[in-house]
Amino acid sequence: MPMNHWLLKSEPETFGIDDLAALPQRTTSWDGVRNYQARNMLRDSMRKGDTAFFYHSNCENPGIAGIVRIARAGYPDASAFDASHRYFDPDSPAHAPRWYAVDVALVRKLSRVITLDELRAHAGKELAGMLLLRRGNRLSVTPVSRREWDFILALE
DNA sequence: GCCAACGTTGGC
DNA sequence: GCCAACGTTGGC
C-alpha cells in the first residue's frame, strides 16, 4: 500500500520540532485540531506509516522544519473531553467524539528550515498545486503529493 | 437558507 | 501589532 504524505502546522512557540525531539519517545499526540476539514483527514485519511512535514507557522521564519511519521492512525481526541483542558469542547463528549487526533513520531529534523519563501518561489511550477501556498489557506493539516514531497526534500 | 457578526489563523 | 482571509455561529 502506498504511503501518503501530509503537512502539519504548529507554532514553534507553542510546540516546535525541538519540543518533539526532546520528548522521551520523540512521539506526541497531535491533538487540539478544531477544524472539520482537518479533522476529516486525521480521522479518515491518515494511516500509520504515512509521513508528514512538520511546518513552523506564525513565527519569524515560517517553513518546514522536519519530518514525522504517523505512529497511530486517527482516534478520538481526549483533550476535548476534559473541562480543565484548553482544548475542551462541550460539544464533543466521550460517547460522541467530534474531534480526532493522531500520534506522530519524529523521523528527523531537516538540516535547515525550508522556508515558505522558498516554497513560494516554486509556486508557479513544481509546487503549483500545493495547498499550503494557496492564498488565504489556514488549514493546519494538508495533503502533500508524492511529487511535491520529493521535490521539496530535494531542496534541502 | 441567508448573511452579518464574530473569532481565529498566520504572514508580514 | 496589524489585518486579510476564512470558518463558524446565530438571528431572522
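- Aromatic rings from Trp99(A) and Tyr36(A) are positioned such that their centres are separated by under 6.0 Å.
- Contact check, Tyr55(A) against dG11(B): a side-chain N or O comes under 4.0 Å of OP1 or OP2.
- When rounded to the nearest whole Å, the span between CG of Leu133(A) and C1' of dG10(B) equals 14 Å.
- Between the side chains of Asp44(A) and Tyr100(A), no donor-acceptor pair of N or O atoms lies under 3.5 Å.
- Going from atom OH of Tyr87(A) over to atom C1' of dT8(B) covers 13 Å, rounded to whole Å.
- Rounded to whole Å, atom P of dC12(B) lies 6 Å from atom CG of Asp117(A).
- A sub-4.0 Å separation between OP1 or OP2 of dG10(B) and a side-chain N or O of Lys9(A) is present.
- Rounded to whole Å, the distance from CG on Asp89(A) to C1' on dT9(C) is 13 Å.
- To the nearest 0.5 Å, atom CG of residue Leu8(A) and atom CZ of residue Phe53(A) are 11.0 Å apart.
- DNA chain C is contacted by both Arg98(A) and Asn137(A); Asn137(A) maps to the nucleotide lying nearer its 5′ end (nearest heavy atom per residue).
- Between the CD atom of Gln37(A) and the P atom of dT8(B) there is a distance of 19 Å, rounded to whole Å.
- Contact between the side-chain N/O atoms of Arg138(A) and the OP1/OP2 oxygens of dG7(C) is not found at any separation under 4.0 Å.
- In terms of position on DNA chain C, the residue among Tyr36(A) and Asn58(A) whose nearest nucleotide sits closer to the 5' end is Asn58(A).
- Atom CD of Glu13(A) and atom C1' of dT9(B) are 15 Å apart (whole Å).
- dT9(B) atom C1' lies 8 Å from atom CD of Glu11(A), rounded to whole Å.
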**OP:** Any chance you could lay out the salt bridge (charged side-chain N to carboxylate O under 4.0 Å, His left out) test for Asp103(A) and Lys48(A), step after step, and finish with the verdict?
**Re:** CA-CA 9 Å; Asp103(A) 285 354; Lys48(A) 183 176 176 178; over 6 Å; no
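- Note: Trp149(A) and His5(A) have parallel aromatic rings, judged against thresholds of 30 and 60 degrees for the angle between ring planes.
- Put simply, CG on Asp91(A) is 11 Å from C1' on dT9(C), counting in whole angstrom units.
- Counting any heavy atom pair closer than 4.0 Å across all strands shown, Arg120(A) reaches sugar-phosphate atoms only and no base atom.
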